[in-house]
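Could you have a look at this structure, given as structure tokens, before my questions?
Chain letters run A, B, ... following the sequence lines, proteins first and then strands; every chain starts at 1. Atoms considered below: every heavy atom in the structure, side chains included; atoms not considered: hydrogens, waters and symmetry mates.
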Amino acid sequence: MQKNLVIVESPAKAKTIQKFLGDDFQVMSSYGHIRDLNKKNAGIDIENGFIPHYEVPTDKTTIVKELKAAAKKSEIVWLASDEDREGEAISWHLSEVLQLDPEKTRRIVFHEITKTAILDAVAQPRTIDTNLVNAQQARRLLDRLVGFELSPVLWKKVKPQLSAGRVQSVAVRLIVEREREINNFIAEASFRIVAVFLVPDGQGRLVEMKAELSKRFVTAQEAQQFLEHCTQSTFRIDEIKKTPTKKSPAAPFTTSTLQQEASRKLGLPVARTMSLAQKLYESGQITYMRTDSVNLSNLAINTSKSVITEKMGAEYVQTRQFTTKSKGAQEAHEAIRPTDMSVATLSTGTPQERRLYELIWKRTLASQMAPAQLEKTTATISVSGQELAFVAVGEVITFDGFLKVYRESFDDDSEDPAGNESSNLLPPMQEGQFLEYKKMIATERFSQQPPRYSEASLVRKLEELGIGRPSTYAPTISTIQKRAYVERGEDEGMERSFHVMSLVGDQLVHSKEVEKYGSNKNRLIPTDIGVVVNDFLMQHFPNIMDYNFTANIEREFDEIAEGDKIWNVVLKDFYEHFHPNVDKTLAIKSEQRVGERVLGIDPKTGRNISVKIGRYGPVAQLGLPDEEEKPMFAQLRKGQSIQDITLEEALELFKLPREVGEYEGYGVKIGVGRFGPYIYHHAKYVSIPKEFDPLDVTLDECIDLIEKKRKADSEKHIKSFDEEPELQILNGRWGPYIAYQKVNYKIPKTIESPAELTLEQCMELIKKEEDSPSGKRKATARATVSKKTATKKKKTTAAKAGTKKVVKKTTPKA
DNA sequence: CAGTGAGCGAGCTTCCGCTTGACTT
């Protein structure tokens, strides 16, 4: 006989709350939303005023059944989902699906998971806020309408399986536009002049002091003239200015700032940060990790205060509550913080989990610490006979405050190394004092192109625009990569040389130095598909692509929540403008495909050449479909783009596949496949390494590569067993491994001679890996494969297709 | 992670926002 049932969204939260509430309460979790729009007919009856058709998805039926049973047995059901739009909707769906009696149902909310907060909430129940629920329905239906009407337009006009949506399409737009800025960017060079002066330190010694000229010169001649002039000049300290400044700590972490700092400080991709944080949350070490709030509970502030006092002294304490700056924040939770501030480091968990925890601990602690006090000194040094002056800047930390534990990093830190270094003290000086220089260096500096977005900086931009939510930042980034709109760059950048002039005494020396620029490594760059889809959407649906679209429509959702607007009227207003645009766009008939670029005519055959997005990606086409001879197609190569490929480059593509000769009586052919250029010979494929150009690789080189591959193949096999033909020990790219029933298993490095492994030892290694948490998928993969190969043994093609699928499944998402 | 290798008029695809888990006949 159960008195009370409490339903929250997360199972970890349920566990904690259960402890606070005791035996009269049973706390269960809904695991997020329990219902969603039907997938068929977009799940919306548009004609009759946007009536939503909801259904419980199959993976939620079990939990719904359990909740239903528990609700039936309880006297009172407490709906304790989050206090925001989505949370209110979850409560409403629960009351509908579980058919709760309003008399026996209470809606409660709390922002922090503490005993008092929960008991307070229980003492002040309310009813479900229908206006807020309707605001959520408007949000949900609008996203469905946009996504499910726009995506099919792309299938027809660009390529099947593409997608568009309120959030993802704008994310892609940001990346495409940034790339265009970079392409249009022209680096401008200027000469920066730094002097090293010698200053007496008051103890009979001379110390060096760097000062930069307040002006940069555009040409090398001007810079040289200035340096030459300096050999005749005197240098005098005109002014010394001291300004005290204060630096305050950053707010505690939200999802977005955690992702940014973990990326900058620990080098973690956002998805990795989130899964590590999830682990910490589930083991009770930190508060909820998907939040847009910077609030801390009083408990957290008070324990921080005592930790700071104890570790560093009372003068380091300055407690404060931060207020959110981000657009559309709903603040249903606390900021991300350790559940117990007195725990500075974890003794359990993986090294990465522990490092992330430490980062969270430091950031939280710092947020309750005193500002740092700094003193900035600026010395202006005039040059006789010149209007220009040198400026030396020193900064001294007079009180470190929060900097003792935490220093926030910024994306452009690398460009400003001096600014964030620890104390940089100027030597003692007086106004009117004359200085001698040790040397002067004029360095050619190029203006920096705008930086490409990283995963984390894209999240920051999206948050700034109010687009997306803490729970969707990481999935959005993965979606736009899965759709191949965007990819992570791999180029280290290019080299360029710059001019340096050094003046020592009156000797001027010129030299050239080299720097790297334009690296896109691990940065997001748009693909051809991304660019074409973006331009298409920008042309036909500019309002959806508007950076302010979400912010504006959010304002309407807020009005619905306030009861000032009717939710399906808002939808109707939107849809009446949106839908005709969809029809209009679909009706456009064009000779050319969206994004197609005609390059010209092949001088040899006189046939038309164009590039476009084909069914399998960017492709060049030689000839037109209505010509007698069928058109030829060639996939664009890596690094080529339909935006800028030339006619000549496209023609090159049709030179493959080509025959290079004969070897052992069989033809040797060069082709380009999914994985780059290859040699085809006697029913075997051999990859062509990067060093070779597939267009002029010779027969001899091919034979060499074929023989190398044969040798590798012959060495591949290490051992097999008569008793178990499906198990082999093989040699792969990463050393020896065990292949068993089409699935591969590692051999630990501790085993020195894999050739001596017995069958029993192999089976043990397999079992060990499958029993590990990460190896479970392998076990199931092997089970399905062995079944498939057993039943369809004779049909080799079918078996092959089966294994292919499994290989895909077991490949991690990267 | 462990070797893969084509096509360009079938078939199916898709949104955003909550939340975690991952089949056995």
Side-chain angles (χ1 to χ4, degrees), chain A residues 8-13 29-37 39 42-43 59-60 63 81-82 84-87 89-90 93 136 139-155 159-169 275 278 282 288 290 332 467-472 475-476 479 483 550 593 612-617 619 621 625 630-635 671-680 684-687 709 712-713 716 730-739 743-747 773 776-777 779-780 783-784 787 804 807 809-812 814:
Chain A
V8 295
E9 291 179 36
S10 142
K13 201 168 165 181
S29 156
S30 73
Y31 291 80
H33 276 293
I34 53 150
R35 267 209 309 195
D36 193 15
L37 293 173
K39 286 244 189 190
D59 57 330
K60 285 290 163 88
I63 184 69
S81 49
D82 299 343
D84 58 15
R85 208 161 59 198
E86 298 297 327
I90 288 174
H93 282 300
Q136 192 274 346
R139 199 282 303 157
R140 179 66 193 93
L141 269 69
L142 181 123
D143 282 335
R144 172 55 69 85
L145 290 170
V146 171
F148 275 38
E149 296 213 359
L150 238 38
S151 300
V153 177
L154 295 180
W155 304 342
K159 182 169 132 43
Q161 265 151 334
L162 294 177
S163 65
R166 176 177 57 84
V167 173
Q168 57 168 288
S169 298
S275 76
Q278 176 91 29
E282 283 171 5
Y288 195 57
R290 290 187 277 262
I467 298 170
R469 305 277 311 133
S471 67
T472 61
T476 300
T479 300
R483 300 272 175 273
T550 292
R593 191 128 181 100
K612 63 183 176 182
I613 303 291
R615 266 206 292 153
Y616 307 98
V619 71
Q621 180 178 337
K630 276 204 160 186
M632 283 172 70
F633 293 90
Q635 203 76 33
V672 178
R674 276 197 288 172
F675 312 103
Y678 63 86
I679 303 165
Y680 180 80
K684 281 224 161 76
Y685 294 90
V686 181
S687 287
K709 165 90 170 170
D713 282 347
K716 188 177 150 190
L730 300 175
N731 208 355
R733 277 210 303 195
W734 288 278
Y737 66 98
I738 300 171
V743 183
N744 301 319
Y745 299 85
K746 318 184 217 274
I747 296 176
K776 278 197 177 147
R777 261 178 271 124
T780 55
T784 51
K787 212 186 294 162
K804 248 186 193 169
V807 168
K809 232 192 236 167
T810 50
T811 319

Sub-3.5 Å donor-acceptor pair from the side chain of S29(A) to the main-chain atoms of E9(A), do we have one?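 Such a contact is found between S29(A) side chain and E9(A) backbone.
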Verify the contact: side-chain N or O of R290(A) to OP1 or OP2 of dT19(B), cut-off strictly under 4.0 Å; return yes or no.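 Checking R290(A) against dT19(B): at least one side-chain N or O falls below 4.0 Å of OP1 or OP2.
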What is the nucleic acid contact for V167(A), judged by heavy atoms within less than 4.0 Å: base, sugar-phosphate only, or nothing?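 Result for V167(A) = sugar-phosphate.
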Taking the minimum atom-to-atom distance to the side chain of Y31(A), which one of dG17(B), dG21(B), dG5(B) wins?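 In terms of side-chain proximity for Y31(A), the closest of dG17(B), dG21(B), dG5(B) is dG21(B).
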Ignoring backbone atoms, establish whether S29(A) has a side-chain N or O less than 4.0 Å from OP1 or OP2 of dT20(B).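 Checking dT20(B) against S29(A), no side-chain N or O comes under 4.0 Å of OP1 or OP2.
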Gap between atoms CG and C1', on L37(A) and dC15(B) respectively (whole Å):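 Atom CG in L37(A) sits about 10 Å away from atom C1' in dC15(B).
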Taking atom CD of E282(A) and atom OG of S10(A), what is their separation to the nearest 0.5 Å?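 The OG atom of S10(A) is 7.5 Å from CD of E282(A), to the nearest 0.5 Å.
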Suppose we screen for side chain to side chain contact (heavy atoms under 4.5 Å, CB included). Which residues come up paired with D84(A), at least two apart in sequence or across chains?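 Listed in chain order: D82(A), E86(A), Q330(A), A332(A).
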May I have the distance from K13(A) (atom NZ) to dC18(B) (atom P), rounded to whole angstrom?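 Taking atom P of dC18(B) as the reference, NZ of K13(A) is at 12 Å.
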With a non-hydrogen cut-off below 4.0 angstrom, is T479(A) in contact with a base, only sugar-phosphate, or nothing?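 The residue T479(A) makes sugar-phosphate contact but no base contact.
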Of the options dC16(B), dC18(B), dG7(B), whose atoms approach the side-chain atoms of R140(A) most closely?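 The closest nucleotide is dC16(B).
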T472(A): which residues meet the side-chain hydrogen bond (donor to acceptor under 3.5 Å, both in side chains) condition with it, sequence neighbours left out?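 Applying side-chain hydrogen bond (donor to acceptor under 3.5 Å, both in side chains) to T472(A) gives none.
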Looking at every strand, decide which applies to G468(A) at a 4.0 Å heavy-atom threshold: base, sugar-phosphate, or nothing.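 Sugar-phosphate, backbone atoms only, no base.
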Those residues that, when tested against Y678(A), pass side chain to side chain contact (heavy atoms under 4.5 Å, CB included) (two or more places apart):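 Checked Y678(A) against side chain to side chain contact (heavy atoms under 4.5 Å, CB included); matches are Y680(A), Y685(A).
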Rounded distance in Å between the C1' positions of dG5(B) and dG9(B):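 Comparing C1' positions in dG5(B) and dG9(B) gives a spacing of 25 Å.
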Distance check, rounded to the nearest 0.5 Å: R290(A) atom CZ versus Y288(A) atom OH?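 Answer rounded to 0.5 Å: 3.5 Å.
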Below the 4.0 Å mark, does dG17(B) have OP1 or OP2 next to a side-chain nitrogen or oxygen of Q136(A)?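 So the side chain of Q136(A) is outside the cut-off, no N or O lying under 4.0 Å from OP1 or OP2 of dG17(B).
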How far does CD1 of I34(A) sit from OG of S81(A), to the nearest 0.5 angstrom?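 It is 10.0 Å, given to the nearest 0.5 Å.
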Where protein sits on nucleotides 9-14 of chain B, one letter per nucleotide: B base, S sugar-phosphate only, - none, heavy atoms under 4.0 Å: ---BBB
Residues forming a side chain to side chain contact (heavy atoms under 4.5 Å, CB included) with V167(A), sequence neighbours excluded: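 Applying side chain to side chain contact (heavy atoms under 4.5 Å, CB included) to V167(A) gives I467(A), T476(A).
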Kindly say whether I90(A) contributes a backbone atom to a donor-acceptor pair with the side chain of Q136(A) at under 3.5 angstrom?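 No, because the side chain of Q136(A) does not come within donor-acceptor range (under 3.5 Å) of the backbone of I90(A).
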Ignoring backbone atoms, establish whether R166(A) has a side-chain N or O less than 4.0 Å from OP1 or OP2 of dG17(B).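 Checking dG17(B) against R166(A), a side-chain N or O does come within under 4.0 Å of OP1 or OP2.
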Short side-chain N/O contact from Y680(A) to OP1 or OP2 of dA6(B), under 4.0 Å: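 Result: no.
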Check side-chain hydrogen bond (donor to acceptor under 3.5 Å, both in side chains) between S163(A) and all other residues, then give those that pass, not counting sequence neighbours.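 For S163(A), the residues satisfying side-chain hydrogen bond (donor to acceptor under 3.5 Å, both in side chains) (neighbours in sequence not counted) are Q168(A), R483(A).
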Base, sugar-phosphate or nothing for G165(A)? Non-hydrogen atoms, less than 4.0 Å.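 Sugar-phosphate: the residue G165(A), judged by heavy atoms under 4.0 Å, touches backbone atoms but no base.
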Which whole-number value in Å describes the distance from I613(A) CD1 to dC8(B) C1'?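 Roughly 13 Å, once rounded to whole Å.
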Rounded to whole Å, please give me the gap between NE2 in H93(A) and P in dG17(B).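 After rounding, the gap between these two atoms is 15 Å.
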Please determine whether any donor N or O and acceptor N or O are separated by less than 3.5 Å between the side chain of R469(A) and the base of dC16(B).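 Under the 3.5 Å cut-off, the side chain and the base do not form any donor-acceptor pair.
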Counting only side-chain N and O atoms of T472(A), is one of them less than 4.0 Å from OP1 or OP2 of dC16(B)?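 The answer is no; no side-chain N or O of T472(A) sits under 4.0 Å from OP1 or OP2.
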Can you tell which of dC16(B), dT19(B), dC15(B) lies closest to the side chain of R144(A)?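 The answer is dC15(B).
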As a test of reading the structure: which of dT20(B), dC15(B), dT19(B) is closest to the side chain of E282(A), going by heavy atoms?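 Selected nucleotide (nearest to the side chain): dT20(B).
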Distance, rounded to the nearest Å, where D84(A) contributes CG and dT19(B) contributes C1':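 Atom-to-atom, D84(A) to dT19(B), this comes out as 13 Å.
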Does R593(A) have any side chain to side chain contact (heavy atoms under 4.5 Å, CB included) partners at least two apart in sequence or in another chain, and if so, which?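 Counting only residues at least two positions away or on another chain, R593(A) forms a side chain to side chain contact (heavy atoms under 4.5 Å, CB included) with E596(A), K612(A).
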Could you tell me which residues satisfy side-chain hydrogen bond (donor to acceptor under 3.5 Å, both in side chains) with E149(A), sequence neighbours excluded, listed by chain and number?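 Result, side-chain hydrogen bond (donor to acceptor under 3.5 Å, both in side chains) vs E149(A): Y575(A), H579(A).
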Is the phosphate of dC18(B), meaning OP1 or OP2, less than 4.0 Å from a side-chain N or O of S471(A)?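 Yes, within the criterion.
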Pair pattern of DNA chain B in dot-bracket, where unpaired bases get dots and | marks partners in another strand, Watson-Crick or G-U under 3.5 angstrom: .........................
Base orientation of dG9(B), syn vs anti, 90° cut from 0: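 Syn.
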Can you tell me how far C1' of dC18(B) sits from CD1 of I63(A), to the nearest Å?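 So the two atoms are 14 Å apart, to the nearest Å.
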Base, sugar-phosphate, or nothing: which does Q621(A) touch, judged by heavy atoms less than 4.0 Å apart?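 Nothing, no nucleic acid heavy atom in range.
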With no angle test and no hydrogens, is the base of dG5(B) tied to the side chain of S687(A) by a donor-acceptor pair under 3.5 Å?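 A donor-acceptor contact between them is present.
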Atom-to-atom span, CD of Q635(A) to C1' of dG5(B) - whole angstrom: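 Computing the Q635(A):CD to dG5(B):C1' distance gives 13 Å.
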What is the distance from OH of Y678(A) to C1' of dT4(B), rounded to the nearest Å?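 These atoms are roughly 12 Å apart.
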